[in-house]
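Presented below is the structure to which this report refers.
Count residues from 1 along the sequence.
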Amino acid sequence: MRIVKKTAQGASMSTTQADATDPVCGMTVNPAESLRSEHDGKPYFFCSDGCLTKFESDPAGVLAERAQKEAGKETSCCGGGAAVHQIGEQPPASSCCGGHSSSKASDTPADPTAIYTCPMHPEIEQVGPGDCPICGMDLEPKFVDMADHGDDEQYADMKRRFWVGVVLSVPLLVIAMGPMVGLRVADWMSQSVFGWLQLALATPVVFWCGWPLLVRGAKSFRSFNLNMFSLIAVGTLAAYFFSLVVVLLPGVIPEAFYENGVAPLYFEAAAVIITLVLLGQVLELRARQQTGGAIRELMQLAPETAHRITEDGEEEVSLDAVHRGDRLRVRPGEKVPVDGRVMSGSSSVDESMLTGEPIPVQKIEGDEITGGTLNQTGALVMEAVGVGGDTVLNRIVQMVADAQRSRAPIQKLVDVVSRYFVPAVILCSILAFVGWAVFGPEPQLAHAFVAAVAVLIIACPCALGLATPMSVMVGVGRGAKEGVLIKNAEVLEVMEKVDTIVVDKTGTLTQGRPEVTAVETFGDWGEDDVLRMAAAVESQSEHPLAQAVVRRAKSDDLQLAEASDFNSITGGGVHARVGQHEVVIGKADLLDEQGVTGVDAGREKAGSHQAEGATVVFVSIDNSLAAILAITDPIKESTPAALKTLHHLGLKVIMLTGDAEPTARAVATKLGIDEFHAGVSPEDKHDFVQKLKREGKIVAMCGDGINDAPALAESNVGIAMGTGTGVAIESAGVTLVGGDLRGVAAAGNLSRKTMSNIRQNLFFAFIYNALGIPVAAGLLYPFFGVLLSPMIAAAAMSLSSVSVIANALRLRAAKLT
């Protein structure tokens, strides 16, 4: 049996090949992007590892079950796509891969069949909620459910446990600590009743409120992945069970523990520590919900229903029920439900959610439209082409979600430290206990016990663990709101080091929509006659310059003539017959090769236009030069300000273009480009980027993601300009959905601010632990007579986590442009 996994980039399969069906769950999958296995010489394709494993365990049984389901027209898959489940865990028999919520599952706060992953260790994935076996943190859904706008189940559960802990811990704290403020509750009752009352209040806090924390701590020792919950479990259970022994068997406690002739109780320390840790968990979960705000905003761009046209009329259906090939009606004022193609009608569509441009785009029959954009003026009938996970909007959302969970290379430092940190803390706790027990003042063991527990609690590495992922999550979400899609945290880190930006001219610096700005005729030809015949020829070409000629003729209300015998000439030109005339359009050198007369006169006049940044096209009629057309691609209004920002960041900007040298020079001079190269092919761009890297430059290449693909792949960071479709969203490190150079500046600022935020968090976390552990161990006692209470240590530990979270959330308000 053979298993093959292909990616979109590596697939050589024809795009016309039919989709396949996952035999386990019934999901429609793309063979070029799916897992594959063979049975009896026949290939089968799968949406996930879970489905593949189930199939291989019993191929005949799975196929028989699928046949029965098909016969009964049952469907069971949620359509989640490829997912990797945690080792040793398989999806429930009643579920598919769990990648997305089904339409019914979305009615509940949390889908139990969804794939959950750890925000700090994204390699950990499992079906349903739980906790990470490495760090112990709550797992979160891998895919965002648009229908889920409320608190998730984990957050609600932690919040409930926290408030119960507060209700029980406050009176416990008053009872235990009252004597410090003159409130001696113990004087009103016997020592025995006093102990039993504290036991009654503390037990629910430790074993119900803190149960998830203790379970994670136990798992960490079982798997030898020691983490913050290891220390919390040891510290709180030590305090609780010591106090329990004092209540049940006071005679076994050595007198060295006694304070004022009585064995001390630490129930309040155990309860308050649990409550404070729960507070940290609640704040952390809430903050992680807020970091998903950008994703939720994107998801809400899609409507909930679509109007499907059938043979029986029109019906309103949920988006889950829309299939490729369906005909859908989009009324004025409605959002486009999925990606598709206009079949009939015309309208203006607001695409600002993708491009950032406020001007609506006119859509007519044959034009492509994107799900989530807003139809404004007319009614459209469209064919659904991209549905479910194949829509541009869905791919953008998932790209943002994946990037938020990715790991920056700087996280490796944290991983190395964390691997040895918890064992070192436990060793420090033991040494603190021994030191106080041997050298400390009376009561020696009581002081030793307090110091050991305080060291365990204050050293919890939660702040250290949160430092990087919190900043990445917030930073990626902030970028998404600006239309800057970061593929992963590594790109974010590399982008900060970029010192050279290589940009294309057309569509990056300019609008990418050329216009004919001047027509100069020769001989007896008039401007309208030349434009009419040139437009007739160019109407059969897809080249941007050709389309500019056609637009100019239409804007002048010229009636286009009929062209025949159209032919593209190698070397940069076209040839056709218009009526009785032979028309050739192209570069001056091409016309020379064709034996056209009068080209030199055209060259003389072309120079002045090229000096102003225009591309000049030569038009010959009947083998004689008839006109030159000056075509200019207007510079985007935002380009000068964006370049100023890039220079302010200390970046060198180099322009590579296929245009002629005079045109390129004019644009570079006007914009203040540091360096430019003209007449460059896609292969030349790749070689140029390679040369810069050999010189030690860290290069970011901006292109459209298709023609510039070799250079994008070669650069340290590929930045795809445009609407974020196709190759751009699949292969680029950064995708600018607006296609605006301001996005490059925003990406540069975002990377710097995010990495600075990460370093601030790491510095604070390291310094906190470096200072906190000695203080908890009793460093200040010889000088000030102060021994840190475990409760104060717990408060300090929670405060450190809150500080890291608050610092990361500052990125939400960061100014990027």
Check: [Y] and [X] side chains under 4.5 Å, non-hydrogen atoms:
X      : Y      : answer
Asn807 : Phe764 : no
Leu278 : Leu213 : yes
Phe267 : Val206 : no
Ser471 : Gln760 : no
Gln198 : Ser243 : no
Ile274 : Phe162 : no
Thr236 : Leu214 : yes
Leu199 : Tyr240 : yes

Please name the pair of heavy atoms, one in [X] and one in [Y], separated by the smallest distance, quoted to 0.1 Å.
X      : Y      : answer
Phe449 : Ala238 : CZ-O, 3.3 Å
Ala271 : Leu172 : CB-CD2, 3.5 Å
Ala777 : Ala432 : CB-CB, 4.2 Å
Leu445 : Ala437 : CD2-CB, 3.8 Å
Met470 : Ile805 : CE-CG2, 4.1 Å
Ser169 : Thr275 : OG-OG1, 2.9 Å

**Report entry** Donor-acceptor contact present, side-chain Arg161 to main-chain Gly210, <3.5 Å
**Finding:**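 Side chain of Arg161 to backbone of Gly210: no pair is present.
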Query raised in the report: Considering residues, nucleotides and ligands other than Trp163, do more than 12 of their heavy atoms fall under 6.0 Å from its CH2?
Result: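 Counting other residues, nucleotides and ligands, CH2 of Trp163 stays at 12 neighbours or fewer.
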Requested in this report: Check the surroundings of atom CZ in Phe207: do more than 12 heavy atoms from other residues, nucleotides or ligands lie under 6.0 Å from it?
Outcome: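 Counting neighbours around CZ of Phe207, more than 12 heavy atoms of other residues, nucleotides or ligands fall under 6.0 Å, so yes.
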How long is the span from the [atom1] atom in [X] to the [atom2] atom in [Y], to the nearest 0.5 Å?
X      : Y      : atom1 : atom2 : result
Phe766 : Arg759 : CZ    : CZ    : 13.0 Å
Leu237 : Ile232 : CG    : CD1   : 11.0 Å
Thr203 : Leu168 : OG1   : CG    : 10.0 Å

Requested in this report: Among Leu762, Asn761, Asn757, find the residue that satisfies the side chain to side chain contact (heavy atoms under 4.5 Å, CB included) test when tested with Val804.
Outcome: Asn761
Query raised in the report: Which is it for Val474 and Thr754 under the side chain to side chain contact (heavy atoms under 4.5 Å, CB included) test, yes or no, and what are the steps along the way?
Result: CA-CA 8 Å; Val474 180; Thr754 302; over 6 Å; no
**Report entry** His447 and Val450: CA distance, side-chain angles, deciding distance, side chain to side chain contact (heavy atoms under 4.5 Å, CB included) verdict
**Finding:** CA-CA 5 Å; His447 284 143; Val450 168; 5.9 Å; no
